[in-house]
Amino acid sequence: MPELPEVETTRQGIAPFLEQRPILAATIYNHSLRWPIPADLAEKLTGATATAVDRRAKYLLIRFPEGTLMVHLGMSGSLRIITDRSPRLTHDHVELDLGDDTLLRYNDPRRFGAWLWTDDPDHHPLIQHLGPEPLSEDFSGQRLYRQSRGKSTAIKSFIMDSRVVVGVGNIYANEALFMAGIDPRRAAGRVGQDRMNRLTGAIKEVLAAAILMGGTTLRDFVNSDGKPGYFTQSLNVYGRGGAPCRNCASSLKEIRLGQRTTVFCVNCQR
DNA sequence: AGTTTAACCTGGGTGC
DNA sequence: TGCACCCAGGTTAAAC
């Protein structure tokens with residue numbers, strides 16, 4: 001489920017339930033995620049009270065006076081707030097008891113996600129080399145242009161590299177490149193400044209719009225489901241291989257690029 | 001050093 | 001039905 005908009009929507013959804021509210025109990029049903037959940041994590045969380053729920057890239061940073069819990073949803077992870085005593089589902093691997101019949105449950109079928117503890121998130125190996133947040137001023141066309149000079153890697157792979165900019169997953173990489181009129185196969189080093197400016201703007205625009213939509217479609221996710229947080233009808237290329245381009249009506253091309261499905265318009269994207 | 005590939009997992013869909 | 005195979009919203013680490 002999670003690209004950056006879904007992670008941000010999740011953050012906004014769970015924060016009110018976690019902040020300033022002691023965790024009465026933490027239960028880990030399966031330690032086997034991307035990295036093993038530390039054996040002492042349940043003990044650390046029990047009795048602790050989160051002061052803030054932040055996000056860096058696709059990591060949720062749940063801050064405690066004693067340290068920071070890092071949660072990553074991987075490819076298939078989701079967090080949901082349970083208030084109706086509904087039974088645990090298959091692949092519910094972690095549960096936090098927040099009292100008053102309120103539970104936070106982490107579900108992750110593929111177990112590519114992570115639950116880690118750190119005393120210093122800014123210098124954690126998984127975080128310290130990350131690029132700028134896409135919606136921040138730090139992420140600019142000038143920076144993207146400068147950083148891409150001499151790079152032969154495809155522009156789509158380049159913007160999906162978390163050292164360049166975080167939070168651009170496969171769906172929104174396809175969408176942003178369509179919006180900017182850039183062929184995803186083009187070498188990053190051969191995209192000029194003007195088009196890098198357009199690409200940067202497109203990334204910001206598509207992510208910001210998706211966050212707004214995620215907030216809408218996931219409005220009640222805290223009570224129940226984990227439905228996708230984006231409207232498929234708003235996607236111009238992703239999932240539309242072979243369908244007519246909404247701009248010029250020619251058939252959208254679907255290829256594999258860097259092991260990921262890539263859809264674009266050969267006519268509109270150069 | 002830069003870039004590409006394989007790997008971590010489960011589940012759903014397709015084709016034989 | 002069953003089985004083999006391919007694909008999926010991410011990311012790291014190994015291999016070219």
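It should be emphasised that the depicted structure is a prediction, and the values quoted were computed from it without experimental measurement. Heavy atoms only: backbone and side chains are in, while hydrogens, waters and symmetry mates are out. All chains are named by letter (A, B, ...) in the order of the sequence lines, taking the proteins before the strands, and each is independently numbered beginning at 1.
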Between CD1 of Ile159(A) and C1' of dG10(C) the distance, given in whole Å, is 15 Å
Any salt bridge linking Glu133(A) with Arg55(A)? Criterion: basic side-chain nitrogen under 4.0 Å from a carboxylate oxygen. yes
Does a side-chain N-to-carboxylate-O contact under 4.0 Å join Asp92(A) and Arg80(A)? yes
With distance as the sole criterion, is a donor-acceptor pair present between the side chains of Ser78(A) and Asn107(A) under 3.5 Å? no
Do Asn174(A) and Tyr172(A) pair up side chain to side chain, a donor and an acceptor below 3.5 Å, judged on atom types alone? no
Under 3.5 Å, which protein N or O atoms sit close to an N or O of nucleotides 10-14 of chain B? Give each pair with its distance.
from, atom 1, to, atom 2, distance (Å)
dT10(B), OP1, Arg111(A), NH2, 2.8
dT10(B), O4', Pro109(A), O, 3.3
dT10(B), O3', His91(A), NE2, 3.2
dG11(B), OP1, His91(A), NE2, 2.6

Distance check needed: dG10(C) C1' versus Leu33(A) CG, whole Å only. 14 Å
Give a yes or no on whether a salt bridge exists between Arg85(A) and Asp101(A), defined as a side-chain N under 4.0 angstrom from a carboxylate O. yes
Are the charged groups of Arg143(A) and Asp138(A) less than 4.0 angstrom apart, N to O? no
Under the side-chain contact (heavy atoms from CB on, under 4.5 Å) rule, collect the residues that match up with Arg256(A), sequence neighbours excluded. Gln259(A), Thr261(A)
Give me, pair by pair, the N or O atoms of the protein and of nucleotides 3-6 of chain B that are less than 3.5 Å apart, along with how far apart they are.
from, atom 1, to, atom 2, distance (Å)
dT3(B), OP1, Ser152(A), N, 2.6
dT3(B), OP1, Ser152(A), OG, 3.1
dT4(B), OP2, Thr153(A), OG1, 2.8

Test item: Ser76(A) side-chain N/O and Asp108(A) main-chain N/O as donor-acceptor pair under 3.5 Å: no
Name the stems with DNA chain B in them: runs of three or more consecutive Watson-Crick or G-U pairs, distances under 3.5 Å? B:2-8 with C:10-16, B:10-16 with C:2-8
Integer angstrom distance from the P of dC3(C) to that of dC9(B): 23 Å
Glu66(A): partners by side-chain contact (heavy atoms from CB on, under 4.5 Å), with sequence neighbours left out: Ala48(A), Phe64(A), Trp117(A)
Would Thr102(A) and Arg21(A) count as having a side-chain donor-acceptor pair, cut-off 3.5 Å? yes
Rounded distance (Å) that lies between atom P of dG10(C) and atom CD1 of Ile127(A): 17 Å
Any non-hydrogen side-chain atom of Arg260(A) less than 4.5 Å from a side-chain atom of Met160(A)? yes
Measure the distance from CZ on Phe112(A) to C1' on dA7(B) and round it to the nearest whole Å. 8 Å
Is the gap between the ring centers of His72(A) and Tyr59(A) under 6.0 Å? yes
Sugar-phosphate means primed atoms, P, OP1 and OP2; the rest is base. With that split, encode nucleotides 11-16 of chain C 5' to 3' as B, S or - using protein heavy atoms under 4.0 Å. BB----
Report yes or no: do Asp84(A) and Ser86(A) form a side-chain donor-acceptor pair below 3.5 Å? yes
